[in-house]
Amino acid sequence: QHPAPKPKRGRPPQYPEALILALWLFRQLHDLSYRATQALFHDLGKPVPDFSTLHYRIAHLSEERLLAFQRWLAERALHGNTPELLLVDGTGFGFNSPFHQQWRRGAEIRKVQSHIRVVAVVAVVPNGERVVVGVRLGEPYADERRLWRSWREEEGASWGWEGCYVVGDALYGMEVRGLRWVYQQGWTPVFRVGDSLWRGVRHTVRVRARRDYEAHRAVSERRYWVESLFGSLKGLCGSYCRERLEGMARRAVLGRMLLWNVGVVRCWMLWGGGG
């Protein structure tokens, strides 16, 4: 439905992009090496690219193309439903030095810069199904508010939803610009807004957000749904990637986030509903 852009130089690709994406997602799902992925499908008699070609094709998939694929999956996973709740939270996936990081704790682990920061926006539809509608990647220890702002400015308003609750932790309640944007969309922010060390809440937008948080405290308790989503993905695929380079690790992490929507779409295709 969305043909890949034709290359400006070189020969036309021998294998379609859909096959490359399928192999890449299968590799992330089972945490396989490139060689193991090729060998598995080769033993089944399927015409697949060798491991070097697969690596080359994935390395040349732009993040913009992958994010467009993520949006396409999210639209089909929502199946025309308007979400009643948006959950915003961040997590991290390690790469390059998993064994080195396992024994470091506290301040020591901050010296290890090999991990990808992820902020996900998860829509919850009335039947309780969760769909990842936004993913933004950052460098190690990136500010989650900056990644959340990137999704808002590039994609958030284009969905056209109304009457959503937006739930996140107290970090997102610190940014006046973000709270104001949520109100402009006709949504209700449910972020805990606390006093600073030296002064109380003064800005009118934050005062309003604090009142909304107190009025909808029961809604804020559903924030664990996005944390359980991260836990499910890490339990399925692992919290570390096999990749050595940051660029490939970013693609791998994005692939793991895409897997959630693949599962939701598959449920709709098999049973005509989420599950």
Side-chain angles (χ1 to χ4, degrees), residues 63-64 67-68 70-71 74-75 77-78 80-92 116-126 129-230 254 257 260-261:
E63 284 192 23
E64 291 76 15
L67 288 174
Q70 179 268 328
R71 168 92 183 217
E75 291 172 348
L78 286 172
N81 293 313
T82 299
E84 60 180 6
L85 187 67
L86 292 179
L87 305 170
V88 185
D89 203 1
T91 188
I116 303 298
R117 198 66 179 168
V118 185
V119 167
V121 183
V122 179
V124 182
V125 296
E129 186 61 80
R130 291 168 293 177
V131 178
V132 179
V133 296
V135 179
R136 288 298 181 271
L137 308 178
E139 66 279 3
Y141 312 107
D143 188 353
E144 293 182 16
R145 292 171 297 179
R146 174 171 59 84
L147 301 179
W148 159 237
R149 187 184 313 128
S150 172
W151 181 82
R152 295 195 319 256
E153 295 176 352
E154 297 175 7
E155 186 178 353
S158 64
W159 287 97
W161 298 318
E162 294 182 358
C164 295
Y165 292 104
V166 185
V167 179
D169 57 29
L171 177 67
Y172 301 98
M174 298 170 60
E175 187 184 25
V176 172
R177 181 166 51 177
L179 293 172
R180 184 183 292 116
W181 181 87
V182 172
Y183 282 122
Q184 289 173 351
Q185 306 307 311
W187 304 344
T188 303
V190 189
F191 306 137
R192 186 173 65 83
V193 179
D195 299 331
S196 65
L197 183 62
W198 303 108
R199 64 177 64 181
V201 178
R202 295 187 178 184
H203 199 284
T204 56
V205 174
R206 298 191 74 222
V207 170
R208 179 184 176 186
R210 170 181 270 188
R211 290 198 301 264
D212 284 333
Y213 174 79
E214 296 297 334
H216 303 95
R217 186 181 290 268
V219 177
S220 69
E221 296 176 356
R222 299 168 72 180
R223 186 170 66 87
Y224 76 91
W225 283 11
V226 66
E227 296 171 350
S228 66
L229 186 150
F230 291 148
L254 186 51
M257 300 303 298
W260 184 272
N261 286 351

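Starting from 1, each residue takes its place in the sequence as its number.
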Fill in: side-chain hydrogen bond (donor to acceptor under 3.5 Å, both in side chains) partners of Ser220, counting only residues at least two apart
none
Fill in: Asp143: partners by salt bridge (charged side-chain N to carboxylate O under 4.0 Å, His left out), with sequence neighbours left out
Arg145
Worksheet item: According to the interplanar angle, ranging from 0 to 90°, do the rings of Phe191 and Tyr172 count as parallel (below 30°), tilted (30 to 60°) or perpendicular (above 60°)?
Response: tilted
Discussion item. Among residues at least two apart in sequence or on other chains, which ones pass side chain to side chain contact (heavy atoms under 4.5 Å, CB included) with Glu63?
Written reply: Leu137, Arg250
Worksheet item: What residues form a salt bridge (charged side-chain N to carboxylate O under 4.0 Å, His left out) with Arg211, not counting sequence neighbours?
Response: none
Worksheet, complete the sentence: Distance col, row His216:NE2 vs Glu221:CD, nearest 0.5 angstrom, shows 13.5 Å
Worksheet, complete the sentence: With sequence neighbours left out, the residues meeting salt bridge (charged side-chain N to carboxylate O under 4.0 Å, His left out) with Arg152 are Glu175
Practice prompt. Go through the structure and list residues passing salt bridge (charged side-chain N to carboxylate O under 4.0 Å, His left out) with Glu154, not counting sequence neighbours.
Written response: Arg136
Discussion item. Any heavy-atom pair between the side chains of Val131 and Asn261 that's under 4.5 Å?
Written reply: yes
Item to complete: With rounding to the nearest 0.5 Å, note down the distance linking CZ in Arg222 to CG in Leu85.
Response: 5.0 Å
Item to complete: Not counting sequence neighbours, which residues clear side-chain hydrogen bond (donor to acceptor under 3.5 Å, both in side chains) with Glu214? List them please.
Response: Arg217
Item to complete: Answer yes or no: is there a donor N or O on one side and an acceptor on the other, between the side chain of Gln70 and the main chain of Val132, under 3.5 Å?
Response: yes
Worksheet item: Is Asp89 close to Asp169 at the side-chain level, that is, under 4.5 Å between some pair of heavy atoms?
Response: yes
Worksheet entry | Set of residues satisfying side-chain hydrogen bond (donor to acceptor under 3.5 Å, both in side chains) with respect to Arg130, sequence neighbours excluded | Ser228
Item to complete: State, with a plain yes or no, whether a side-chain heavy atom of Val135 is found less than 4.5 Å away from one of Trp260.
Response: no
Worksheet item: Hey, what do you get for CE (Met257) to CG (Leu229), rounding to the nearest 0.5 Å?
Response: 6.0 Å
Item to complete: Apply side-chain hydrogen bond (donor to acceptor under 3.5 Å, both in side chains) to Tyr224 and list each qualifying residue two or more places apart in sequence or on a separate chain.
Response: none
Practice prompt. Report yes if some heavy atom in the side chain of Val133 is under 4.5 Å from a heavy atom in the side chain of Leu78; otherwise report no.
Written response: yes
Determine all donor-acceptor pairs shorter than 3.5 Å in which one atom belongs to a side chain in residues 117-125; sequence neighbours excluded.
unit_1 : atom_1 : unit_2 : atom_2 : d
Arg117 : NH2    : Glu144 : OE2    : 2.6

Worksheet item: Under the side chain to side chain contact (heavy atoms under 4.5 Å, CB included) test, which residues partner Arg206, sequence neighbours left out?
Response: Val176, Leu179, Val193, Val201, His203
Name the atoms and distances for all side-chain donor-acceptor pairs under 3.5 Å in residues 157-168, with sequence neighbours left out.
unit_1 : atom_1 : unit_2 : atom_2 : d
Ser158 : OG     : Arg71  : NH1    : 2.9
Ser158 : OG     : Glu155 : O      : 2.5

